[in-house]
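Written out below as structure tokens is the structure these notes cover.
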Amino acid sequence: MSETRVRFAPSPTGAPHVGNIRTALFDYLWARHTGGKFILRVEDTDQAREVENGLELILESLRYLGITWDEGPDVGGAYGPYEQSKRLPIYKRHADQLIAQGVAYHCYCTEERLEQMRKVQRARGEQTRYDYRCRYLSPEERAANERAGLPKVVRLAVPPEGKTTLHDFIRGDLTIENKNVDDQVLLKSDGFPTYHLAVVVDDHLMKISHVMRGDDWIPSFPKHVLLYQAFGWEIPPHGHVPMVTGADKKKLGKRHGSTSVLQFRNDGYLPEALLNFLARLGWSLDDKTEIFARQQLIDAFTLDKIERAPAIFDYGKLDWLNGYYIRELPDDELAARALPFIPQADPAMLRALVPLFKPRIKKLNEIAALVDFFFEQDLEYDPQLLIGKDADAATARAALRAAHATLEKYPEGAFDDEEKIEAELRADAERLGMKNLPFFGALRVAVTGKTVSPPLMSSMRLLGREKTLRRIARAIVMLEKP
RNA sequence: GCCGCAUUCGUCUAGUGGACUAGGACGCCGCCCUCUCAAGGCGGAGACCAAGGGUUCGAAUCCCUUAUGCGGCACCA
């Protein structure tokens, strides 16, 4: 069997979202699994919808996930160019060939007429489709149109009878009757091809061995099959991968919150976690394996395990996975990855804080809220928090005074003896007849400004003697006020 | 409206005629641990396999019908 060559062919119309990238991932995994090539081709054939930095957004999204490509716009390759806007003559040539064969024809209809036509069809409850007006023009009429210099497009002449079948390696045979297939435009009046012409021509010319794309493309496969047949080309195996949807079961889109890959990066998701999660949407190995490192994914990925039904993108499960991967990271590595999310932190200090926040976050952007008290001078909080639910100000004050007295005895050098300090503080609580909860609760708020925080002893150690004592003293004053 | 695709716990899924009293994971609930919150450990609830017909000694697994959901119906991809 010849080399596997698969391609990801996005349109530079904005930041790629996770649904598209999931398809790219399947392509990538299959290429790596088989030792073949993964090709990036940009389908920039719609000048109106194109976004300025569209290409860059695509490249960045793939890089973030570590999805590497062997041929593409930036790296070139033997079958370039890899931007369709740079291949216009190729499409023109092929369109001309189709016209010469009588498989396609020039159409001179205006947008206005087409819109009017569809309006009528819709009113009648029919499927909107081209009405063949220009398909059966006489040679004289055609010549007249040409002489008049009317703008024209090239349309595919779909056989009115029969049906077209495509074998899909995920779903089996797909069949659609030709009468339900529109005479699709192949070449637009601006000289750019539409998707239908461009994919077929490029997939063939670039020797693509397997075509994977979203199942929203299923309705248009007959056009592609017809083109392959007209050109006399072999149809590569096709597989329509299931859609990734939002919780409402609708195709993922802007309405579903953050779906852009880059947004996940900015929110603090690790690429290895997103990669793992995406791979498991519409694909699974067996009845128990959830965690896959990149190489395991590559080793295990096969086409026959791709699912048919659409999958809802479950943010909750992604968060769990991300938390798992964070906990798996070595402390030094986590510190390095966390730095961009808390730039005000001194790197050495942040490194020391890792053990405190590591088991407590699911995303890197949660770190700041957890450890911000380390980086502030005086804390702002409601004094009521010091007292807690079932206690009173006097009790809280007594607890803080005791704690302050105890901690004060420890000089700078001995302040990091967590065990000893904790034992003594517990003894303080007991002497005051207080339970641990209210005692440490008051101390926690005084030191961290929060009722929920990383472990107290470690927090005080890292905060340092001076700041700790000052905060406790300040809390005592707050309780004395009124 | 027309055409197409899909249908196993809330979600991601295992399952390809008997090993299924349908397995795992997330989430949820409870317990343990415990200075809070997590993490971790243990346990639990949760799917009559969309419905109805067949085929078969036997069906989540094969066939048909229906229902529901989704997708497509552009000089967009």
Side-chain angles (χ1 to χ4, degrees), chain A residues 9-13 20 43-46 48-49 107 109-111 114-115 118 121-130 151-155 168 171 174-177 179-182 184-190 192-196 198-199 213-221 240 242-243 245 247-251 277 280-291 305 307-321 323-324 327 356-362 370 422 425-426 429 435-445 448 450-457:
Chain A
S11 181
T13 53
N20 294 131
E43 311 229 324
D44 53 348
T45 55
D46 185 350
R49 289 204 315 155
C107 169
C109 293
T110 63
E111 301 257 22
L114 294 173
E115 195 36 61
R118 288 190 202 105
Q121 290 169 336
R122 268 192 288 268
R124 287 200 207 123
E126 295 168 0
Q127 179 171 178
T128 58
R129 52 178 304 154
Y130 185 58
K152 63 188 176 185
V153 301
V154 174
R155 281 185 189 276
D168 183 300
R171 292 151 209 279
L174 300 173
T175 299
I176 290 181
E177 296 196 61
K179 69 176 189 210
N180 292 316
V181 181
D182 198 9
Q184 189 58 237
V185 169
L186 299 177
L187 201 66
K188 308 181 217 177
S189 55
D190 62 3
F192 279 68
T194 59
Y195 170 84
H196 309 286
V199 254
R213 65 199 345 175
D215 74 12
D216 45 347
W217 282 111
I218 290 178
S220 52
F221 79 78
H240 290 89
M243 215 92 270
T245 78
D248 57 1
K249 295 184 189 291
K250 287 187 167 61
K251 188 173 161 181
F277 178 74
R280 284 283 291 96
L281 275 188
W283 177 86
S284 64
L285 173 65
D286 55 28
D287 62 341
K288 43 189 57 113
T289 318
E290 294 285 345
I291 308 294
K305 302 293 257 178
E307 177 68 33
R308 280 164 297 280
I312 295 175
F313 191 98
D314 183 352
Y315 289 84
K317 188 158 185 178
L318 204 214
D319 283 355
W320 163 75
L321 241 195
Y324 174 85
R327 277 171 255 129
L356 303 206
F357 64 70
K358 189 176 186 174
R360 295 181 169 72
I361 57 167
K362 290 187 156 69
L370 216 53
E422 179 174 353
L425 289 175
R426 283 174 184 282
K435 289 195 180 280
N436 288 333
L437 187 62
F439 182 87
F440 287 104
L443 191 52
R444 179 186 315 285
V445 173
T448 70
K450 307 171 196 297
T451 53
V452 170
S453 81
L456 239 194
M457 299 308 139

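Chain A is the first sequence line, chain B the second, and so forth, proteins listed ahead of strands; every chain is numbered from 1. In what follows, every heavy atom counts, from backbone to side chain, and hydrogens, waters and symmetry copies are set aside. These numbers come from a predicted model, not from an experiment.
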Interatomic distance where [atom1] belongs to [X] and [atom2] belongs to [N] [whole Å]:
X: A/K251; N: B/A6; atom1: NZ; atom2: P; answer: 17 Å
X: A/R213; N: B/G71; atom1: CZ; atom2: P; answer: 18 Å
X: A/I176; N: B/G72; atom1: CD1; atom2: C1'; answer: 9 Å
X: A/R308; N: B/U8; atom1: CZ; atom2: P; answer: 11 Å
X: A/D168; N: B/G4; atom1: CG; atom2: P; answer: 15 Å
X: A/F357; N: B/A39; atom1: CZ; atom2: P; answer: 16 Å
X: A/R122; N: B/G1; atom1: CZ; atom2: C1'; answer: 12 Å
X: A/L174; N: B/C5; atom1: CG; atom2: C1'; answer: 8 Å

Please report the interatomic distance [atom1]([X]) to [atom2]([Y]), rounded to the nearest 0.5 Å.
X: A/D215; Y: A/R308; atom1: CG; atom2: CZ; result: 12.0 Å
X: A/L187; Y: A/K152; atom1: CG; atom2: NZ; result: 10.0 Å
X: A/L114; Y: A/Y130; atom1: CG; atom2: OH; result: 6.5 Å

| Is the closest side-chain donor-acceptor distance between A/T13 and A/R49 under 3.5 Å? |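 Per modelled atom types, A/T13 and A/R49 side chains form no pair under 3.5 Å.
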Looking at every strand, decide which applies to [X] at a 4.0 Å heavy-atom threshold: base, sugar-phosphate, or nothing.
X: A/L456; answer: base
X: A/P438; answer: nothing
X: A/R155; answer: sugar-phosphate
X: A/C107; answer: nothing
X: A/R171; answer: sugar-phosphate
X: A/T448; answer: nothing
X: A/G441; answer: nothing
X: A/S453; answer: base
X: A/L321; answer: nothing
X: A/P455; answer: base
X: A/V452; answer: base
X: A/K305; answer: sugar-phosphate
X: A/R327; answer: sugar-phosphate
X: A/K250; answer: sugar-phosphate

Look at [X] and [N] and indicate whether a side-chain polar atom (N or O) is within less than 4.0 Å of OP1 or OP2.
X: A/K288; N: B/G15; value: no
X: A/K179; N: B/C3; value: no
X: A/T194; N: B/C76; value: no

Could you please name the partner base of [N], counting Watson-Crick and G-U wobble pairs only when both distances are under 3.5 Å?
N: B/A25; result: B/U11
N: B/C37; result: none
N: B/C42; result: B/G30
N: B/C3; result: B/G71
N: B/A19; result: none
N: B/A51; result: B/U65

Flag side-chain contact, heavy atom, 4.5 Å: [X] against [Y]:
X: A/H240; Y: A/R213; answer: yes
X: A/L425; Y: A/M457; answer: yes
X: A/P310; Y: A/K249; answer: no

| query | Which class fits the ring pair A/F277 and A/F313: parallel under 30°, tilted 30 to 60°, perpendicular over 60°? | reply |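 Answer is perpendicular, since the angle exceeds 60°.
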| task | Hey, which sits more toward the 5' end of RNA chain B by its nearest nucleotide, A/R124 or A/Y195? | result |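 Counting from the 5' end, the first nearest nucleotide belongs to A/R124.
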| Given RNA chain B, 5'-ward residue of the pair A/P454 and A/E177, judged by closest heavy atom |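 Upstream on the strand: A/E177.
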| Can you name the nearest heavy-atom pair linking A/S189 to A/V153, along with the distance? |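 What the structure gives for the nearest pair is N-CG1, 3.6 Å.
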| request: Would you name the heavy atoms of A/L370 and A/K450 that are closest together and state the gap between them? | output: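 Residues A/L370 and A/K450, closest heavy atoms: O-CE, 3.9 Å.
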| field | Donor-acceptor pair (no angle test) under 3.5 Å: A/S189 side chain, B/C75 base | value |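 Answer yes: a donor N or O sits under 3.5 Å from an acceptor.
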| task | Indicate, yes or no, whether a donor-acceptor pair under 3.5 Å links the base of B/C37 to the side chain of A/R360. | result |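 Yes, the side chain and the base share a sub-3.5 Å donor-acceptor pair.
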Expressed as a whole number of Å, how far does the [atom1] atom of [N] sit from that of [M]?
N: B/G46; M: B/U8; atom1: C1'; result: 13 Å
N: B/A60; M: B/A22; atom1: P; result: 10 Å
N: B/A47; M: B/C64; atom1: P; result: 30 Å
N: B/A6; M: B/A14; atom1: P; result: 15 Å
N: B/G15; M: B/U7; atom1: C1'; result: 15 Å
N: B/C70; M: B/U61; atom1: C1'; result: 24 Å
N: B/A67; M: B/G53; atom1: C1'; result: 14 Å
N: B/G23; M: B/C63; atom1: P; result: 26 Å

Write out a two-atom table: protein N or O, nucleotide N or O from nucleotides 9-13 of chain B, distance below 3.5 Å.
from: B/C12; atom 1: OP1; to: A/I312; atom 2: N; distance (Å): 3.0
from: B/C12; atom 1: O2'; to: A/R280; atom 2: O; distance (Å): 3.0
from: B/C12; atom 1: O2; to: A/K317; atom 2: NZ; distance (Å): 3.3
from: B/U13; atom 1: OP1; to: A/G282; atom 2: N; distance (Å): 2.3
from: B/U13; atom 1: O3'; to: A/S284; atom 2: OG; distance (Å): 2.9

| Below 4.0 angstrom, N of the basic side chain to O of the carboxylate: do A/R122 and A/E115 qualify? |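 Looking at A/E115 together with A/R122, the answer is yes, because their closest N to O distance falls below 4.0 Å.
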